[in-house]
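Please read the structure below before turning to the comments.
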Amino acid sequence: MSDEMRPNDEAFNERIARALRTRERFDDGFEDRLIATLRADHEIEARFRPAARRRGPWWREPVTFRVSPIAGLAAAASIAAIVILGAIAFARPTPVATVAQGVRDTVHVVRFVFVDGRAKSVALVGDFNAWGAKERTPLAVSGPNGRWSATVVMPPGRHEYAFIVDGKRWTADPFAPPRSDEFDTSSSVIVVGD
Amino acid sequence: MSTESDGELVAAAIDGNLSAFAALSRRYRDRYTRFVVRMVGSRDEAEDVLQSAFIRAYRALANCRDPGRFGAWLARIVVNESRTYVVRRSRRDRRLVRDVIAIEQIVATTTHDADETLDDVLYAVDQLDADQREAFLLKYVEELSYEEIAEITGVGVSALKMRVKRACARLRELLEEVHDVG
């Protein structure tokens with residue numbers, strides 16, 4: 001098979017390509033979202049690896065670390081991931097991406113994304129924040145069409161969570177494995193670090 | 001718009017200046033948005049992919065050997081990230097559902113003109129293998145030379161020509177099928 005195009009092939013390709021050359025552009029909040037993620041990453045870095053950054057190789061000098069249980073679990077992890085986890089309310093048919101990427105060698109960062117065009121506020125609760133007993137994790141508007149997201153540092157393992165819409169509506173993630181408790185309240189399950 | 005050179009912005013970003021990196025993002029993201037949207041086939045997913053590419057680039061800034069050519073270095077990351085995403089997604093079951101919906105949309109919207117509608121074309125491009133789609137988009141939509149594509153993808157020029165030729169043959173086949181259905 002020759003790899004050269006014939007003139008009528010070129011004309012066909014050009015016709016196809018012309019349809020695809022329409023300009024595409026994301027809104028100006030793109031950089032805000034990018035920098036928010038990078039800033040969160042910096043904070044994680046400062047929280048989990050300050051000594052390593054300042055002092056250089058660990059074998060050069062004796063260092064005593066004080067590590068919280070969560071930090072200990074995180075530091076024990078060998079692989080980290082950002083998981084963009086999609087959830088769509090009101091049975092919107094659009095599929096939402098679920099992406100896992102290795103990004104950090106000591107901690108797990110999970111990005112929760114929730115889409116609900118009518119929500120005025122969205123919060124995340126789960127076993128990792130005591131089901132919001134002290135503080136719920138708020139999601140921020142992160143895109144058009146009611147797209148909300150929050151980035152959370154989580155220890156590895158199996159976790160259960162749910163979203164609370166407008167401060168009162170409990171919503172499980174339709175794209176994650178479900179779990180019901182003894183009162184038939186549905187929540188969702190995520191496994192971090194596998 | 002920032003007036004500093006790419007090299008100056010990269011150096012500042014390596015020092016932790018996030019505003020400098022935001023300036024690099026503003027300078028380059030529009031250039032790559034169309035490719036990512038066409039490659040991924042969905043604007044929402046494309047934004048996630050492009051965000052991931054910039055995050056990956058930020059973390060690897062120290063490995064950018066020629067900061068003056070940040071744009072070319074970033075292009076490799078964007079193309080890689082898009083390809084990886086498409087390959088992973090194609091392994092998921094959701095693909096079948098997407099195709100059924102896409103076919104229904106095409107049947108509903110196809111005109112019987114000789115020219116293809118945008119929906120026809122988007123559907124056909126979405127059916128290509130990731131490698132063929134990438135080569136076709138870079139060659140005919142982004143209008144890069146084979147040498148430029150080779151530099152971005154790390155694939156040889158003859159292999160790229162073959163991918164593009166196969167992509168075009170497949171597109172023709174798919175679009176003829178769509179018109180037959182219509």
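Just so we're clear, the structure is a prediction, and the values are computed from it rather than from any experiment. What's counted below: heavy atoms across the whole structure, side chains too, no hydrogens, waters or symmetry copies. Chain naming here is simple, since letters A, B, ... match the order of the sequence lines and numbering starts at 1 in each.
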Is [X] in contact with chain A via its backbone, its side chain, both, or neither, using a 4.5 Å heavy-atom distance?
{"X": "B:A167", "value": "neither"}
{"X": "B:V141", "value": "both"}
{"X": "B:E143", "value": "side chain"}
{"X": "B:L50", "value": "both"}
{"X": "B:V125", "value": "side chain"}

Do you reckon [X] sits in the same ILVMFWY cluster as [Y], going by side-chain contacts under 4.5 Å, direct or chained?
{"X": "A:V152", "Y": "A:I164", "result": "no"}
{"X": "A:V189", "Y": "A:V110", "result": "no"}
{"X": "A:Y161", "Y": "A:W170", "result": "no"}
{"X": "B:V79", "Y": "B:L144", "result": "yes"}
{"X": "A:V192", "Y": "A:L124", "result": "yes"}

[atom1]/[X] to [atom2]/[Y] distance, rounded to the nearest 0.5 angstrom?
{"X": "A:T22", "Y": "B:R34", "atom1": "OG1", "atom2": "CZ", "result": "8.0 Å"}
{"X": "A:R18", "Y": "B:L118", "atom1": "CZ", "atom2": "CG", "result": "12.5 Å"}
{"X": "B:R172", "Y": "A:N13", "atom1": "CZ", "atom2": "CG", "result": "7.5 Å"}
{"X": "B:C168", "Y": "A:F12", "atom1": "SG", "atom2": "CZ", "result": "7.5 Å"}
{"X": "A:D27", "Y": "B:E47", "atom1": "CG", "atom2": "CD", "result": "6.0 Å"}
{"X": "B:I55", "Y": "A:R33", "atom1": "CD1", "atom2": "CZ", "result": "11.5 Å"}

Exceeds 12 heavy-atom contacts within 6.0 angstrom, atom CZ of B:R69
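It does not: B:R69 CZ has 12 such atoms or fewer within range.
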
Please identify, among B:S19, B:A22, B:A124, B:A46, the residue contributing the most non-hydrogen atom pairs under 4.5 Å to chain A.
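Sorted descending by pairs with chain A, the first entry is B:A22.
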
Heavy-atom closest pair, residues [X] and [Y]:
{"X": "A:R23", "Y": "B:D30", "result": "NH2-OD2, 3.7 Å"}
{"X": "B:Y140", "Y": "A:E10", "result": "OH-OE1, 2.9 Å"}
{"X": "B:R38", "Y": "A:L20", "result": "NE-O, 2.8 Å"}

Side chains of A:V115 and B:D44 in contact at under 4.5 Å (non-hydrogen atoms)
no

By the ring-ring contact (aromatic ring centres under 6.0 Å, His included) test, which pairs, at least two apart or in different chains, include something from residues 14-35 of chain B?
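Every pair satisfying ring-ring contact (aromatic ring centres under 6.0 Å, His included) with a residue in residues 14-35 of chain B: B:F21-B:Y58, B:Y28-B:F70.
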
Which bit of A:D32 is near chain B, if near means a heavy-atom gap under 4.5 Å: side chain, backbone, both or neither?
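Neither the backbone nor the side chain of A:D32 comes within 4.5 Å of chain B.
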
Does the structure place the NZ or CZ of B:R29 under 6.0 Å from the centre of the six-membered ring of A:F26, at an angle of no more than 45° from the ring's axis?
no

